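First comes the structure, then the notes that go with it.
If you're wondering where the values come from, they're calculated on a predicted model, not measured in any experiment. Whatever order the structure lists ligands and atoms in, that order sets their numbers, starting from 1. Because only heavy atoms are used, hydrogens play no part in the values below, and waters and symmetry mates are left out as well, while side chains stay in.
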Amino acid sequence: APSLTYPAVKVANLSQVKTGEPIFFNYPDASSPAVLVKLGRPAIGGVGRERDIVAFSALCTHMGCPVQYEEGRFICRCHYSMFDPAKAGQPYQGLASSWLPQIPLRIDGKGDIYAVAVAGLIWGRVKNV
Ligand code: FES
């Protein structure tokens, strides 16, 4: 299989991240909306002192509508799919059957948070990069 080379893209600094307030960015390129959120509870793949900062593709895996972060989960209003951001983006309601692709994060010594990969295929693509 071909190896995928993901860029490391700075999303925010820890000092800017507040529980429950999503930060929007694009990754791995400008046409791929993504969202970072501090959940306030530990998450699979979560970074930071509380292991609760995660990021995901913001495109619903059903038909590509934008997902919104509300009340601790991602919801797609097109056909009401819901995804659990603490469980690696697992779909648990609605028509989506694929996990919302998680974007692994790394934090450097200055508290800068970087997106470094995508776990799973972004909606509408044949490859992520
Ligand atoms: Fe999100 Fe259909 S596009 S549920």
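Near S81, with a cut-off below 4.0 Å to any heavy atom, the atoms of ligand 1 are 4 (S). Taking every heavy atom of C60 and a limit of under 4.0 angstrom, the matching atoms of ligand 1 come to 1 (Fe), 3 (S), 4 (S). Near H79, meaning under 4.0 Å from any of its heavy atoms, are these atoms of ligand 1: 2 (Fe), 3 (S), 4 (S).
Expressed to the nearest 0.5 Å, how far NZ of K10 lies from OH of Y27 amounts to 16.0 Å.
For the pair K38 and E50, the salt-bridge criterion is met [side-chain N within less than 4.0 Å of a carboxylate O]. Salt bridge status for R106 with D112: absent, with no side-chain N to carboxylate O gap under 4.0 Å.
The distance from atom 2 (Fe) of ligand 1 to the nearest N/O/S atom of C76 is not under 2.8 Å.
Nearest N/O/S atom of H62 with respect to atom 2 (Fe) of ligand 1 is recorded as ND1.
T5 and V129 get closest at one heavy-atom pair: O-CG2, 3.7 Å.
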Apply the test disulfide (SG to SG under 2.5 Å) to residues C65 and C78: give CA-CA distance (whole Å), side-chain angles for both, the deciding distance (0.1 Å), then the verdict. CA-CA 7 Å; C65 287; C78 284; 2.0 Å; yes
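The protein heavy-atom contact nearest to atom 3 (S) of ligand 1 is M63 N, 3.2 Å.
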